[in-house]
Every structure is written in C-alpha cells, then in structure tokens.
2 protein chains.
Amino acid sequence: MTSSAHGVRARARIEVTAAIKEEARRQLAKEGAVKLSLRAVARELGMASSALYRYFPSRDDLLTALIIDAYESLGAAAEAARDAAADVGPVGRWTAVCEGVRGWALGHPHEYALIYGTPVPGYTAPDTTVPAAARSALVVIGILRDAHRGLGLAEPPLSAELRPEAVRMAADLAPDLPPGVVARMVAAWAQLFGLIGFEVFGQFNRVVEDRDAFFRHAVGRLAHTVGLVYPQQGPAGGRAAEPS
Amino acid sequence: MTSSAHGVRARARIEVTAAIKEEARRQLAKEGAVKLSLRAVARELGMASSALYRYFPSRDDLLTALIIDAYESLGAAAEAARDAAADVGPVGRWTAVCEGVRGWALGHPHEYALIYGTPVPGYTAPDTTVPAAARSALVVIGILRDAHRGLGLAEPPLSAELRPEAVRMAADLAPDLPPGVVARMVAAWAQLFGLIGFEVFGQFNRVVEDRDAFFRHAVGRLAHTVGLVYPQQGPAGGRAAEPS
DNA sequence: GGCAAAGCAAGAGCAATGCTCTCGTTTGTG
DNA sequence: CACAAACGAGAGCATTGCTCTTGCTTTGCC
C-alpha cells in the first residue's frame, strides 16, 4: 500500500532518528556536549558510524536537534510550573515559573549548558531554534499580560535613553504591555539565567549554601523589578511588597 | 655562578611557559577553548608536541592556567574601571565597574566563556583559581563598603528564611556590611553576569538592539537593588533614584 | 509487474587530536 | 668529574569527525 510505501522507509527513518537522539541525549546527560561522540552513539546503537551520517549530516546537526529538544523541554517545564500555580496570583506564578526553570536546569545541567552555556565556536543557531527558544519566555510574557489585564502592573519610569529601545522591544515581544515593563522583563529574564547559571556551573560553590532560600529571595526581588509588585504598597498577588 | 645555574634552565622554563600560554591565548581568542589544540600550539612554536607536556601535564592544566589569567585580566579591568571613576560617587563607580566588566567580556568573548561559560565536563577548578576569581568581586565589595562607611546604604528588609544564610555570607565575604546588603550584592553579581552572558553568547540577537542603553538601564536597577540608591528618595551618588 | 533511481548500511581510509614511551642530549650538582 | 635530573624529539596508540566506495533494499514511475 502506498501509505506503507510512504511508511516503511519513512517510519524506519524517524524511528532510527529518534533512537539516535535518545542515545545522544543519554551521552549528553552523562558526559556533556564536548564528549558527545558520533562514533560512540553509533557503537551503542550497533550501527556503523558512517551510517549515522544519513540521519545527521554532521555532529553540529545532531547538536542542533538536541538544542531544539532542550529548549522544548525547558519550555514544557516552564508551562507545567505555570499551570501548577494557576490559582496563586501573578507573583506566585512568576515565582513558580522561575523555580520551574531553575529546577529543570539543575535536573538537566548538560542540556542547560547546551542552550545557555558557551555556544560552540563558529556555530550560529539556525532559525529553527528560535521558536523553541521563545517557548519558555512566552510563559512569563503571558503571566505579565494576565497581570496587566487584571490587577494592573506597576509601570516603571522610563528614561529617555531607553525609551525608543523599549518601545521597539514591546512592539516585537508584547505590544499590549507597557514598554517599561517589557524592558524590565527582558532584563529580569537575562538576570534569572545569571542566577541559574551561577548555580548550575558551580560559581556559587563555597559562596551560597542555602540555594533555595537565596533563589527565592532573588526571584522575589525580580518580581518587584518587573512590576508585579508595587513598590511601597500592598501585594498584587498575595505576597509582601519588598521581598526579603 | 649558582644564580645562573639556577637560572639558565629555570629562566628558559618560565620563558617557554610564557610563550606557550601566549600562543594558547592567541588560539583561544581566535577559535575558542574547544578548538584549542596542544599540537597546534607546539607546531606554531616550532617544537614537538610531546615537549609541551614538560610544561603542562595535560590540556586541562593549560586551560587552568588560561582560566587564572582570564580571571586576573577581568579583575584588572574591573579595578581600572573603578579607579577611572574615583570621583563620581558610589553609584557612578558601581556603574563604571559593571560597564568595565561588560566591556572586558565583549572584548574577550572566548576568555569570558572560559570562566563564566560551560565548565569543561569532569573538570573542577583547583583552589588556585579561587583568589583570581575573587578579584573582580572584591571590587564591588569595596565599593559597597565605601558607600556604607560614607553616606550609608539602604538596608533592605531581610526575610526570616534568608536571614541565616545572609548572615553566613556576610561573615564570609564582608563582615562590615549588613547581611541584607551582602545577600543582594551576591544576587546582583550573578544577575550582572546573566545580562553580560546573554549579550556575549548571542541570546540578545533579534531581541535587544541598543545594548548600551539596555545595559545601563539594568545596571541602574541593580544599583537600586543592592542598596546604593534609596528606594523613594534622593540619590546617594548623583543619580536618579528609580533608574529608567 | 518490472526496472531505474533513490535511500540505506557497512567498511576502509584520511587527517587530526590528546597522550605515552623511549631514546639521546643538555644541564645542574655532589 | 660523574651522576641524576630535566629536556627535546620522534614514533606510536587509541580516538575523533568525516568522506568515499561498494553492495543491497526499498520506492516510485512507466
């Protein structure tokens, strides 16, 4: 049958492709991206190393596939954290998503390094990675959007220097949010990964002990930064105004 | 003479060691740490690759030397930025140091990646790197210390959850600063490298255009976070209270 | 149905890597 | 002066990413 005609080969192809990615992900999780070896993957799968090139034209292409998967995995974790905190208000959701992202990073350090660590030299992420990378960021945009439509956000003052850039970013990322909020959100997003990266990459060794408390504190501050909490007044979502 | 007896070999050794590091740093700057090849270094220096192992027992040891140098280089850049901004008040110095660190990172992306990017798997930084790594951090501690002894710092509230950890960190890092300030400083430090890392590693591509303005904005916010600017009142060092 | 074309797997091979071992040679020390 | 330590060079090993060629199987078209 033609469906199987389009199927036997095609299905085998996606199955083998999946098996390769699975084994590659296993090696990635165990040894890190640098140690990921095409030959070792092929060996483990019982096939010739040259056969692997039918599925991924180069090692970088395999890496790209893993990068996309990692972004999606992170995005899914962020979404799950958001959904699990549906009824605790915007600040609670923000906190939950941040902790979800952190939890994912701590649980998948090598995959985290793959997407937020040192990029491989000479490698520029193909455009296919962009939507995957956006997935987790969209979660916090959504939270801010909801908060803005609901109780409202603290709109921070916007310096003349930053205003044009903030307007541009808002138009690109979230036209329904105030430019000042968008600018602070982008900054907070980057800063969040500073906190997480320091923890995952060991920069907090011998410095921060109680990482949970420390992270919660910093995330609370970021919620403030981003406009989810009003500066000197009551909480917008059931939390103190000036965290820790 | 015994001095030259201790010298000819010894001097040659440190000269060759320096030459190796120099060439290695050149390759690092051009191609990145992953592409750094012992054989290529030896080739460029006109020596056999095996001879190189007399100076660095392994590739990781060469990397470690480069890591220390990179930390020192960054620390020197931070100190220079601080010294160049001696008379602009604490907030100005904070801003200058942050921009100095960022400038160094943008100017030495591969060395930045070496120290703040993905750590090489299975590699744990030997203790010799710790003081070098601390050098840049000490600069901001010094700024906060000066500000605290001078005009004073805004002492943020400290949650019960974080207090013990903050006290511990303060005892370790800066016993003369309020624990709440120390905790926020550590967080701000990590967040700073989130901003810088996103820019250096290309995460801001297609998102942030005017990086200078954006960075200045975020750094101003961090100055606020860290207590250099009082929440709702006048500046402590010649700058507006609520930046951008 | 039959048959050319395309997809596929395997092996050999190439250039390169980190690292080890061995063998002379140079250098410093008792 | 003699001996041990440091040194440089070469050969070699195991491994890597990737290419090329050689056969075999599946697919799609006439």
Side-chain angles (χ1 to χ4, degrees), chain A residues 1-21 23-24 26-28 30-67 114 119-123, chain B residues 1-21 23-24 26-28 30-67 114 119-123:
Chain A
M1 26 178 172
T2 31
S3 85
S4 119
H6 247 283
V8 173
R9 267 264 221 267
R11 195 210 302 273
R13 181 169 185 88
I14 65 176
E15 267 178 21
V16 174
T17 304
I20 292 173
K21 285 208 295 185
E23 176 59 30
R26 188 155 43 231
Q27 294 197 12
L28 173 70
K30 199 170 59 180
E31 302 260 35
V34 190
K35 293 288 191 179
L36 201 170
S37 150
L38 284 189
R39 292 182 108 112
V41 170
R43 207 178 304 134
E44 212 67 23
L45 262 55
M47 57 166 79
S49 67
S50 55
L52 223 151
Y53 285 81
R54 297 265 169 203
Y55 299 88
F56 297 94
S58 84
R59 187 176 178 277
D60 277 3
D61 292 271
L62 214 196
L63 257 305
T64 300
L66 294 183
I67 285 174
L114 196 60
V120 314
Y123 170 88
Chain B
M1 25 176 172
T2 30
S3 85
S4 119
H6 248 282
V8 173
R9 267 261 218 269
R11 197 213 297 280
R13 181 169 185 87
I14 65 176
E15 268 177 20
V16 174
T17 305
I20 292 173
K21 284 208 295 186
E23 175 59 31
R26 188 155 43 233
Q27 294 198 13
L28 173 69
K30 200 169 59 180
E31 302 259 35
V34 191
K35 293 288 191 180
L36 201 170
S37 150
L38 284 190
R39 292 182 109 110
V41 170
R43 205 179 304 133
E44 211 68 24
L45 262 54
M47 57 166 83
S49 67
S50 55
L52 223 149
Y53 284 81
R54 301 266 175 205
Y55 300 88
F56 296 94
S58 84
R59 187 176 179 276
D60 276 3
D61 291 272
L62 216 196
L63 258 305
T64 300
L66 294 182
I67 285 174
L114 196 60
V120 315
Y123 170 88

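Model, not experiment: these values are computed from the prediction.
The residue among A:L36 and B:S49 whose nearest nucleotide of DNA chain D is located toward the 5' end is B:S49. Of the two residues near DNA chain C, B:L38 and A:V16, the one whose nearest nucleotide lies more 5' is A:V16.
By the 4.5 Å heavy-atom criterion applied to side chains, A:R43 and A:R39 are counted as neighbours. Here the side chains of A:D61 and A:S58 are in contact, with some heavy-atom distance below 4.5 Å. You'll find the side chain of A:R54 stays beyond 4.5 Å of the side chain of A:V16, heavy atoms only. Side-chain contact between A:F56 and A:T17 is present, with heavy atoms from C-beta onward closer than 4.5 Å. Annotation: side chain of A:Y55 is not in contact with side chain of A:L62 (no heavy-atom distance under 4.5 Å).
The side chain of B:Y55 contributes an N or O atom lying less than 4.0 Å from OP1 or OP2 of D:dG8. Regarding contacts with the backbone of C:dG18, a side-chain N or O of B:S37 is found under 4.0 angstrom from either OP1 or OP2. Within the structure, a side-chain polar atom (N or O) of B:R43 is placed less than 4.0 Å from OP1 or OP2 of C:dT17. Residue B:R59 has a polar side-chain atom (N or O) positioned under 4.0 Å from OP1 or OP2 of C:dG18.
Which of D:dA9, C:dA9, C:dC19 sits closest to the side chain of B:S58 comes down to C:dC19. Among the nucleotides C:dC8, D:dT16, C:dT17, the one closest to any side-chain atom of A:A40 is D:dT16.
Rounding to whole angstrom units, CG of residue B:L45 and P of D:dA9 are separated by 11 Å. Between B:E44 atom CD and C:dA16 atom P there is a gap of 14 Å when expressed in whole angstrom units. Atoms CZ (B:R39) and P (D:dG8) sit 17 Å apart, rounded to a whole Å. Atom-to-atom, CG of A:L63 to P of D:dT16 comes out at 15 Å; the value is rounded to the nearest Å. Counting to the nearest Å, the C1' atom of D:dA6 and the OH atom of B:Y53 are 19 Å from each other. Taking atom CZ on B:F56 and atom C1' on D:dC7, their separation rounds to 16 Å, with Å as the unit. Put simply, CD1 on B:I20 is 8 Å from P on D:dG8, counting in whole angstrom units. Atom CZ of A:R54 and atom P of D:dG23 are 15 Å apart (whole Å).
For B:R9 against D:dA6, a side-chain-to-base donor-acceptor contact under 3.5 Å is present. Looking at A:R13, its side chain has no donor and acceptor atom pair within 3.5 Å of the base of C:dG7.
Between the side chain of A:R59 and the backbone N or O of A:L36, at least one donor-acceptor pair lies under 3.5 Å.
Using a 4.0 Å heavy-atom cutoff across all strands shown, A:L52 reaches no nucleic acid atom at all. In this structure, A:L62 reaches neither bases nor backbone, as no heavy-atom distance under 4.0 Å exists between it and the strands shown. Using a 4.0 Å heavy-atom criterion, one finds that B:S50 contacts the bases of the nucleic acid, with or without backbone contacts as well.
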